[in-house]
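Reviewing the structure listed below.
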There are 2 protein chains.
Amino acid sequence: MRQTKREELVEKATAIFYRNGFQATGMDRLVTETGISKTSIYKHFKTKDDLIVAALKSRDAFLRGWLFGRMAQLASTPREQLIAMFDALHEWFNEPDFHGCMFAKASSEYQDPEHPINREATDHVARISAQLAEIAEEAGLNQPTELARQLALLKEGAVVLATMGRGGTPALDAKAVAIKLVDEATPDK
Amino acid sequence: MRQTKREELVEKATAIFYRNGFQATGMDRLVTETGISKTSIYKHFKTKDDLIVAALKSRDAFLRGWLFGRMAQLASTPREQLIAMFDALHEWFNEPDFHGCMFAKASSEYQDPEHPINREATDHVARISAQLAEIAEEAGLNQPTELARQLALLKEGAVVLATMGRGGTPALDAKAVAIKLVDEATPDK
DNA sequence: TAAAAGGTTTACCGATCGGTACTCTATTAG
DNA sequence: CTAATAGAGTACCGATCGGTAAACCTTTTA
């Protein structure tokens with residue numbers, strides 16, 4: 001029961017930051033929208049930046065858990081999972097509350113590479129790339145790390161166009177390319 | 001001579017916003033770093049947002065001019081130009097003052113699609129995609145608009161990874177994929 | 001020569017920023 | 001029963017936010 005309030009705070013703050021931006025969200029607004037007093041917030045986190053880092057960690061765990069979990073649901077073999085990532089992304093982009101990548105925004109608003117918030121953002125993309133490389137290796141594909149880099153490229157590009165593009169289905173465009181790449185990386189062919 | 005001060009302001013403001021972010025840059029800081037008085041700034045622009053829009057328009061003209069100009073320098077045929085885009089991007093990423101895509105940041109900080117700043121950002125990527133489609137068509141490649149969408153995907157992904165990635169050469173990774181795509185879109189093959 | 005016009009300087013506005021101090025209340029553990 | 005703890009509420013801090021007003025200087029134009 002002791003941990004609950006803090007988790008509730010992080011969860012709600014994550015949603016608000018995601019919807020509203022980091023710098024654009026003041027602490028007073030956080031108090032109003034979470035229903036948690038400022039005193040209580042600052043008992044759990046020394047600064048606003050600390051809270052943002054916690055929100056990003058929470059989001060990282062949730063997003064990676066959802067993405068790779070959905071990939072496993074959609075496909076059984078590692079090889080098919082790599083392609084299914086783009087179907088999962090397509091679903092994500094079409095959710096009504098999709099507002100782009102929270103980590104890209106964090107990196108935009110806190111550009112200093114030394115800043116903990118920026119670090120958390122770059123960590124997130126590094127973790128995704130690493131997991132993709134694992135799956136590519138598990139699938140027995142040729143040059144798995146190079147393939148993983150290219151798939152990460154497609155994934156990030158799709159997210160950007162889903163956020164900044166005018167309509168279209170960037171996830172499916174990316175999927176078409178991904179199929180070719182995975183196909184060419186298949187041995188004995 | 002009348003237009004000069006305004007142009008000087010926009011030019012300097014663009015650099016400051018790009019380096020420092022939009023919300024993170026206060027008007028007082030703009031006054032200090034540009035050497036232009038606040039009164040004078042507000043004679044040219046009614047609000048800070050108006051100045052930001054002008055800065056983005058300036059950046060859009062410069063960036064697209066530079067990118068497609070460099071592509072034309074690096075390659076003579078439209079087909080080779082599409083691939084040369086990634087060499088140009090590689091050069092851009094390795095400039096010492098590369099700080100990511102200004103329009104992605106603008107879109108991150110001003111999420112409302114109705115906001116003029118967000119509009120300017122999405123306009124920029126739409127213009128790039130359109131120009132790519134033109135070149136693809138000029139090159140006589142199959143399904144030029146689909147190819148252009150995929151190349152835009154690779155370009156945006158490369159920018160993201162150049163900004164948020166840990167080292168690597170995302171532009172060259174993207175180039176490898178682009179070569180395959182252009183190759184497959186070549187008729188009579 | 002006079003008078004606009006463009007620019008700077010200084011001071012200031014109310015609002016909001018992140019963060020703190022203090023009081024009060026309700027729950028819970030010894 | 002009591003003491004400790006967690007949280008809410010209120011009020012406040014100095015700093016900064018975007019933006020304005022007024023006085024002054026200098027250059028161009030009529």
Side-chain angles (χ1 to χ4, degrees), chain A residues 1-57 105-106 108-112 114-118 120, chain B residues 1-57 105-106 108-112 114-118 120:
Chain A
M1 294 297 137
R2 200 61 44 81
Q3 197 84 342
T4 295
K5 249 305 194 272
R6 182 195 172 105
E7 286 170 4
E8 178 195 349
L9 167 60
V10 171
E11 194 175 325
K12 289 182 175 175
T14 302
I16 297 171
F17 283 135
Y18 179 52
R19 184 179 356 110
N20 217 178
F22 299 99
Q23 324 219 45
T25 303
M27 296 305 292
D28 290 330
R29 178 166 185 172
L30 237 39
V31 170
T32 305
E33 291 200 25
T34 62
I36 298 172
S37 70
K38 205 187 279 194
T39 319
S40 189
I41 294 179
Y42 277 97
K43 196 173 295 178
H44 291 295
F45 300 96
K46 273 192 292 186
T47 64
K48 182 189 180 183
D49 284 2
D50 285 353
L51 174 58
I52 293 177
V53 169
L56 289 176
K57 282 187 198 294
K105 287 174 189 169
S108 290
E109 295 197 38
Y110 302 86
Q111 304 197 44
D112 181 4
E114 311 293 328
H115 197 296
I117 293 177
N118 191 290
E120 199 57 40
Chain B
M1 292 296 138
R2 201 60 45 80
Q3 197 85 342
T4 295
K5 250 307 195 268
R6 182 196 172 105
E7 286 169 4
E8 178 194 350
L9 167 60
V10 170
E11 193 176 326
K12 289 183 175 175
T14 303
I16 297 171
F17 283 135
Y18 178 53
R19 183 178 358 109
N20 218 134
F22 300 98
Q23 324 220 46
T25 302
M27 294 305 294
D28 290 329
R29 179 163 184 174
L30 278 179
V31 170
T32 305
E33 292 200 25
T34 62
I36 298 172
S37 69
K38 205 188 279 194
T39 319
S40 187
I41 294 179
Y42 277 98
K43 195 172 297 179
H44 290 297
F45 299 98
K46 274 193 292 189
T47 65
K48 182 189 182 184
D49 284 3
D50 285 352
L51 174 58
I52 293 176
V53 168
L56 289 176
K57 282 187 199 293
K105 288 174 187 167
S108 290
E109 294 198 38
Y110 302 85
Q111 305 196 44
D112 181 3
E114 311 294 328
H115 197 295
I117 294 177
N118 190 290
E120 200 56 41

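Letters A, B, ... mirror the listed sequences (proteins, then strands); counts begin at 1. Just so it is clear, the model here is predicted, and its values are computed rather than measured. Computed from heavy atoms alone, side chains included, the values below leave out hydrogens, waters and symmetry copies.
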What residue pairs, at least two apart or across chains, pass ring-ring contact (aromatic ring centres under 6.0 Å, His included) with a residue in residues 19-38 of chain B? Phe17(B)-Phe22(B)
Identify, with sequence neighbours excluded, every residue that meets ring pair (Phe, Tyr, Trp, His ring centres under 6.0 Å) alongside Tyr18(A). His99(A)
According to side-chain hydrogen bond (donor to acceptor under 3.5 Å, both in side chains), who are the partners of Arg29(A), at least two apart in sequence or on a separate chain? Asn20(A), Glu33(A)
If each of Lys46(A) and Asp28(A) is mapped to the nucleotide of DNA chain C with the nearest heavy atom, which maps nearer the 5' terminus, i.e. the 5' end? Asp28(A)
Salt bridge (Lys or Arg N to Asp or Glu O under 4.0 Å): pairs with one or both residues in residues 40-55 of chain A, sequence neighbours excluded: none
Separation of dC12(D) C1' from Met27(A) CE (nearest whole Å): 16 Å
In whole angstroms, how far is the P atom of dG18(C) from the CG atom of Asp50(A)? 14 Å
Do other residues, nucleotides or ligands put more than 12 heavy atoms under 6.0 Å from the NZ atom of Lys12(A)? yes
In whole Å, what is the span from the CG atom of Leu9(B) to the P atom of dG6(C)? 15 Å
Work out which heavy atom in Ala54(B) is nearest to a heavy atom in Val10(B); give both atom names and the distance. O-CG1, 3.8 Å
Pairing residues for Tyr110(B) by the ring pair (Phe, Tyr, Trp, His ring centres under 6.0 Å) criterion, not counting sequence neighbours: His115(B)
By side-chain contact (heavy atoms from CB on, under 4.5 Å), Asp28(B) pairs with (sequence neighbours left out) Lys38(B)
A quick test of your reading: do over 12 heavy atoms of other residues, nucleotides or ligands sit less than 6.0 Å from CD of Gln111(B)? yes
Take the protein atom CG of Asp49(A) and the nucleotide atom P of dC17(C), then report the distance between them rounded to whole Å. 15 Å
Which atom pairs link the protein and nucleotides 8-12 of chain C when you take only N or O atoms and keep those under 3.5 Å?
| unit_1 | atom_1 | unit_2 | atom_2 | d |
| --- | --- | --- | --- | --- |
| dT8(C) | OP2 | Ser37(B) | N | 3.2 |
| dT8(C) | OP2 | Ser37(B) | OG | 2.7 |
| dT9(C) | O4 | Thr39(B) | OG1 | 2.5 |

Rounded interatomic separation in angstrom, taking CG from Leu30(B) and P from dG19(D): 11 Å
Answer yes or no: does a side-chain N or O of His44(B) lie under 4.0 Å from OP1 or OP2 of dG6(C)? no
Using atom OH of Tyr42(B) as one end and atom C1' of dA22(D) as the other, report the distance to the nearest whole Å. 18 Å
Taking all non-hydrogen atoms of both residues, which atom of Lys105(B) and which atom of Ser108(A) are closest, and how far apart? CG-OG, 3.5 Å
side-chain contact (heavy atoms from CB on, under 4.5 Å) filter on Ser40(B), not counting sequence neighbours, yields Ile36(B), Ser37(B), His44(B)
Stretch residues 10-24 of chain B: residues that reach within less than 4.0 Å of DNA chain D through a heavy atom: none
What is the distance, rounded to the nearest whole Å, between atom CD of Glu109(A) and atom P of dG18(C)? 12 Å
Phe45(A) has an atom CZ; how far is it from atom P of dT20(C), in whole Å? 15 Å
Determine to 10° how strongly the helix from dT1(C)-dA30(D) to dG30(C)-dC1(D) is bent, judged from the axes of its five-pair ends. 10°
